Amino acid sequence: MGGLVAGQVFKQIYKRVSPGHRKDAPTPLQSEYPLKEIVLAALLQGAIYAVVKALIDRGGARAFERWTGEWPGD
């Protein structure tokens with residue numbers, strides 16, 4: 001579920017910040033895009049995924065603590 005959320009967030013952000021407001025982000029095998037744009041898109045996608053994952057993990061840990069009274073992993 002987090003991957004789906006991160007993917008949608010990335011698509012919306014990429015549409016707004018991409019050169020010429022492209023509809024879709026480039027993939028590594030699309031030769032019409034310069035390597036710089038492909039690498040920047042990959043960095044943005046990875047950062048968004050990491051933030052969404054951290055938020056979901058933290059929310060799950062807080063829910064676990066509320067239900068059990070203990071922080072997971074302590």
Side-chain angles (χ1 to χ4, degrees):
M1 177 122 130
L4 293 173
V5 171
Q8 291 302 315
V9 170
F10 169 70
K11 285 181 182 180
Q12 293 303 314
I13 291 174
Y14 189 81
K15 281 183 195 178
R16 290 181 174 87
V17 301
S18 67
H21 299 288
R22 301 177 200 250
K23 183 179 177 184
D24 294 320
T27 63
L29 299 179
Q30 291 178 306
S31 62
E32 63 269 18
Y33 294 99
L35 180 60
K36 180 181 176 182
E37 188 173 346
I38 291 170
V39 170
L40 289 174
L43 285 170
L44 177 62
Q45 186 175 25
I48 290 169
Y49 177 80
V51 168
V52 170
K53 183 180 181 324
L55 291 172
I56 290 171
D57 288 349
R58 186 67 174 204
R62 286 188 173 167
F64 182 85
E65 182 181 37
R66 277 192 303 259
W67 294 332
T68 65
E70 295 182 20
W71 190 260
D74 281 349

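Owing to the predicted nature of the structure, the values given are computational and were not obtained by experimental measurement.
When Val5, Val52, Ile48 are each tested for a side chain to side chain contact (heavy atoms under 4.5 Å, CB included) with Phe10, only one passes: Ile48.
Rounded to the nearest 0.5 Å, atoms OG (Ser18) and CG (Leu40) are 11.5 Å apart.
A donor-acceptor pair is defined here as one N or O able to donate and one able to accept, closer than 3.5 Å; such a pair exists between the side chain of Gln30 and the backbone of Thr27.
Of all heavy-atom pairs between Ile56 and Gly2, the closest is CD1-CA, 3.3 Å. Nearest heavy-atom pair, Ala25 versus Tyr14, reported as atom, atom and distance to 0.1 Å: CA-CE2, 3.4 Å.
Taking 4.5 Å as the limit, every side-chain heavy atom of Val51 sits out of range of all side-chain heavy atoms of Val9.
Residue-environment remark: OH (Tyr33) exceeds the threshold of 12 foreign heavy atoms within 6.0 Å. Within a 6.0 Å sphere centred on CH2 of Trp71, other residues, nucleotides and ligands contribute more than 12 heavy atoms.
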